[in-house]
There are 2 protein chains.
Amino acid sequence: MRILVVEDERKVGEELRRALESAGHVVEQARDGETAWFLGDTEDFDLAVLDLGLPRLDGVQVLKRWRANGRTMPVLILTARDGWSEKVECIDAGADDYLVKPFRIEEFMARVRALLRRATGHVSAKLSLGDVVVDTRISRVLMGGMPVDLSPMEYRLVHYLMHHVGRAAPQIELTEHIYAQDFERNANAIEVLVARIRRKLGDDFIKTRRGYGYYVGELDEGEGKP
Amino acid sequence: MRILVVEDERKVGEELRRALESAGHVVEQARDGETAWFLGDTEDFDLAVLDLGLPRLDGVQVLKRWRANGRTMPVLILTARDGWSEKVECIDAGADDYLVKPFRIEEFMARVRALLRRATGHVSAKLSLGDVVVDTRISRVLMGGMPVDLSPMEYRLVHYLMHHVGRAAPQIELTEHIYAQDFERNANAIEVLVARIRRKLGDDFIKTRRGYGYYVGELDEGEGKP
DNA sequence: CGGCGGTCGTCAGCCAATTGTCATGCGCGC
DNA sequence: GCGCGCATGACAATTGGCTGACGACCGCCG
């Protein structure tokens with residue numbers, strides 16, 4: 001998943017980044033409100049983590065502007081203050097969850113997991129489709145009850161597709177959500193990755209829609225041709 | 001055992017944590033109702049200790065929500081009020097035991113033991129896996145009945161892994177659980193530690209899942225919360 | 001105080017798994 | 001049937017993890 005972390009304290013930001021990345025996410029960072037607003041408004045994220053005490057543009061304002069522009073990704077608010085009224089303001093502004101500093105990194109990760117799966121309509125930490133199950137808590141994939149050994153990159157790709165069952169994801173989108181941002185995009189890398197996954201999960205788990213991208217499950221109704 | 005302690009008074013919370021940890025348990029803490037609810041809902045615990053007078057979301061409500069979501073771990077209620085009707089409400093909400101503050105720590109621990117025993121059928125201060133036994137009461141490790149001399153750091157790492165059998169723990173997570181918080185993280189330190197433990201406990205006790213982390217036992221087949 | 005033994009982080013070099021790149025060939029969809 | 005987009009096998013680069021050596025540090029003890 002691609003996650004935007006907005007946090008002005010470098011040390012905290014780096015810690016969050018490390019934790020998120022070791023769970024297989026792609027992290028982009030911003031250290032001030034304006035950058036945050038711009039990034040969140042112009043790029044596609046699966047989740048935003050937003051500190052309230054920001055230079056140049058307050059966190060709540062950033063959130064409000066995102067929502068005003070129709071950005072719908074889940075937002076997890078971080079704050080040092082534990083104020084009831086501030087919390088209400090955030091919720092009204094469209095925050096999805098709220099975490100008071102200091103917090104334990106495990107709790108942070110638990111909330112991230114909760115938001116990510118809530119956002120895509122899944123209720124549990126497991127995504128399943130046919131006889132394939134992705135357990136996001138332990139980063140593991142099972143097929144027919146048997147564990148399948150996926151490498152980290154392979155896992156990321158499967159994880160992303162499983163969050164978007166029935167929708168064809170173009171290679172460029174996969175690239176953006178799986179690799180760090182400055183990655184030199186080469187479509188073939190994704191193709192190779194898909195081929196390797198198919199060797200492990202079967203040829204028909206990841207399907208191709210020529211010209212549109214890859215998908216799992218059945219294509220949604222209305223994915224008609226233009 | 002992994003225990004969730006929900007207590008808003010920092011001092012009491014820390015005391016409970018110390019007592020539980022020195023009995024060989026792993027403790028996670030929450031200081032308000034919402035955090036408690038999230039943690040208990042998204043992670044697995046063998047027991048929850050729940051104070052009633054919580055900020056942001058009352059203890060009884062937390063308990064009700066857990067039960068409503070199908071969480072079944074035993075719950076020990078702590079309260080300053082000694083009301084008959086309140087107790088009935090808690091029991092109805094799904095509490096397993098009820099302790100009125102102030103209490104002696106010994107009594108608390110006795111009730112914890114009782115609940116754990118009831119829940120798991122057995123409870124001891126020993127974790128064992130194959131021919132390796134970790135006796136958390138005296139902080140020692142035995143292999144095939146013979147004591148093995150582990151240094152403090154080595155012991156902590158083994159102890160942590162034994163509490164999470166079957167799950168690959170990333171180096172970052174190990175670092176956070178083994179060292180003091182602001183420790184300058186260097187992945188190689190963990191690798192070296194693992195190498196030293198392998199020399200003492202055998203090469204195949206701690207296994208590596210490349211890109212994901214270290215684990216003991218067999219990798220989880222992913223059972224747990226549906 | 002000074003030597004000793006044990007602990008533990010750092011470093012550099014090595015190895016192997018992972019992952020990107022390339023060349024080539026196939027086949028889907030128009 | 002044609003051509004572009006995708007698939008694939010081989011290969012190379014990169015990364016993650018392992019190890020032996022080293023030295024800083026600390027507590028102990030004479």
Side-chain angles (χ1 to χ4, degrees), chain A residues 18 21-24 26 139 141 148-161 168-216 219 223-226, chain B residues 139 141 147-161 168-180 182-215:
Chain A
R18 264 197 309 273
E21 285 183 345
S22 76
V26 173
S139 299
V141 172
V148 180
D149 241 344
L150 293 191
S151 75
M153 279 296 154
E154 291 162 2
Y155 175 80
R156 284 197 199 185
L157 182 41
V158 169
H159 183 240
Y160 184 82
L161 289 176
Q171 298 179 347
I172 181 76
E173 176 183 332
L174 294 173
T175 307
E176 278 164 2
H177 285 258
I178 286 174
Y179 297 105
Q181 82 184 141
D182 51 343
F183 185 77
E184 189 189 317
R185 288 123 207 271
N186 176 335
N188 193 233
I190 297 289
E191 291 162 15
V192 172
L193 214 44
V194 168
R196 285 175 183 146
I197 295 167
R198 283 179 173 151
R199 223 167 291 150
K200 296 181 181 176
L201 293 180
D203 278 347
D204 46 359
F205 176 64
I206 296 182
K207 283 158 270 197
T208 305
R209 181 155 180 241
R210 232 182 137 75
Y212 292 88
Y214 297 103
Y215 65 99
V216 296
L219 272 182
E223 281 259 340
K225 298 151 194 182
Chain B
S139 298
V141 172
V148 181
D149 220 6
L150 292 191
S151 75
M153 280 293 149
E154 291 162 3
Y155 176 79
R156 282 204 217 178
L157 182 42
V158 169
H159 182 248
Y160 185 81
L161 289 177
Q171 298 180 345
I172 172 86
E173 177 183 330
L174 295 172
T175 308
E176 276 160 7
H177 282 266
I178 286 175
Y179 298 108
D182 49 349
F183 185 79
E184 191 190 320
R185 292 125 210 271
N186 177 334
N188 192 234
I190 296 288
E191 291 161 17
V192 173
L193 212 45
V194 168
R196 286 175 181 145
I197 294 168
R198 282 179 174 152
R199 229 167 285 149
K200 297 180 182 176
L201 294 179
D203 278 349
D204 46 359
F205 177 63
I206 296 181
K207 283 159 271 197
T208 305
R209 198 175 158 218
R210 197 186 162 89
Y212 293 96
Y214 297 102
Y215 65 98

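Computed from heavy atoms alone, side chains included, the values below leave out hydrogens, waters and symmetry copies. Labels below follow one simple rule: chain letters A, B, ... track the order of the sequence lines, proteins then strands, and each chain is numbered from 1. Note that the structure is predicted; figures quoted are calculated from it, not measured.
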S.K.: If the sugar-phosphate is the primed atoms plus P, OP1 and OP2 and the base is the rest, what is the B/S/- string for nucleotides 19-29 of chain D, using protein heavy atoms under 4.0 Å?
M.R.: BSB--------
S.K.: Categorize B:Y214 for me: base, sugar-phosphate, or nothing, with a 4.0 angstrom heavy-atom threshold over every strand shown.
M.R.: sugar-phosphate
S.K.: For a quick test of reading the model, state the closest non-hydrogen atom pair linking B:G211 to A:P152 and the distance between them.
M.R.: CA-CG, 3.8 Å
S.K.: Which atom names give the shortest non-hydrogen contact between A:V158 and A:F205, and what distance separates them?
M.R.: CG1-CE2, 4.3 Å
S.K.: Assign each of A:G213 and B:G211 to its nearest nucleotide of DNA chain D by heavy atoms, then name whichever residue's nucleotide is nearer the 5' end.
M.R.: A:G213
S.K.: Starting at atom CE of B:M153, determine the distance to atom C1' of C:dG6, rounded to an integer number of angstrom.
M.R.: 14 Å
S.K.: Taking only the side-chain nitrogens and oxygens of B:Q171, find out if one of them lies under 4.0 Å from OP1 or OP2 of D:dG17.
M.R.: yes
S.K.: Minimum heavy-atom separation for A:S151 to A:E154, with atom names?
M.R.: N-OE1, 2.9 Å
S.K.: With side chains defined as the heavy atoms from C-beta onward, is the minimum distance between A:L193 and A:R156 less than 4.5 Å?
M.R.: no
S.K.: Just how far, in rounded Å, is P of C:dT10 from CD1 of B:I190?
M.R.: 11 Å
S.K.: Between B:K200 and A:K200, which is nearer to the 5' end of DNA chain C once each is assigned its nearest nucleotide?
M.R.: B:K200
S.K.: Roughly, in whole Å, what's the span from CD1 in A:I197 to P in C:dT19?
M.R.: 10 Å
S.K.: Of the non-hydrogen atoms in A:A168 and A:Y215, which two are nearest, and what is the gap between them?
M.R.: CA-CB, 3.7 Å
S.K.: When you compare the side chains of A:R18 and B:T175, does any donor N or O come within less than 3.5 Å of an acceptor on the partner?
M.R.: no
S.K.: Using the salt bridge (Lys or Arg N to Asp or Glu O under 4.0 Å) criterion, which residues pair with A:E191? Sequence neighbours excluded.
M.R.: none
S.K.: Taking only side-chain nitrogens and oxygens of A:Y179, does any of them come within less than 4.0 Å of OP1 or OP2 of C:dT19?
M.R.: no
S.K.: Write down the protein N/O and nucleotide N/O pairs, taken from nucleotides 25-29 of chain C, whose separation is under 3.5 Å; answer none if there are no such pairs.
M.R.:
| residue | atom | partner | partner atom | Å |
| --- | --- | --- | --- | --- |
| C:dG27 | N2 | A:R210 | NH2 | 2.3 |

S.K.: Going through the checks in order, is the side-chain contact (heavy atoms from CB on, under 4.5 Å) test met by A:Y179 and A:M153?
M.R.: CA-CA 9 Å; A:Y179 297 105; A:M153 279 296 154; 3.8 Å; yes
S.K.: Rounding to an integer number of Å, can you tell me how far B:I178 CD1 sits from C:dC8 C1'?
M.R.: 13 Å
S.K.: Once you round it to whole Å, what is the distance between C1' of D:dT15 and CD of A:E154?
M.R.: 15 Å
S.K.: Could you pull out all residues at least two apart from B:V148 that satisfy side chain to side chain contact (heavy atoms under 4.5 Å, CB included)?
M.R.: B:M143, B:L150, B:K200, B:L201
S.K.: Between A:L157 (CG) and C:dT19 (P), how many Å, whole number?
M.R.: 11 Å
S.K.: End-to-end bend of the helix from C:dC1-D:dG30 to C:dC30-D:dG1 (five-pair axes, 10° rounding)?
M.R.: 30°
S.K.: For A:V194, run the side chain to side chain contact (heavy atoms under 4.5 Å, CB included) check against A:L157, A:T208, A:L174, A:L161 and tell me which one passes.
M.R.: A:L157
S.K.: To the nearest angstrom, how far is A:N186 atom CG from D:dC6 atom P?
M.R.: 13 Å
S.K.: As an exercise, state the distance from NE2 of A:H159 to OG of A:S139, rounded to the nearest 0.5 Å.
M.R.: 7.5 Å
S.K.: Taking only residues two or more places apart in sequence or in another chain, which ones pass ring-ring contact (aromatic ring centres under 6.0 Å, His included) with B:Y160?
M.R.: B:H164, B:H177
S.K.: Would you mind reading off the distance between A:K207 atom NZ and D:dC6 atom P, rounded to a whole angstrom?
M.R.: 17 Å
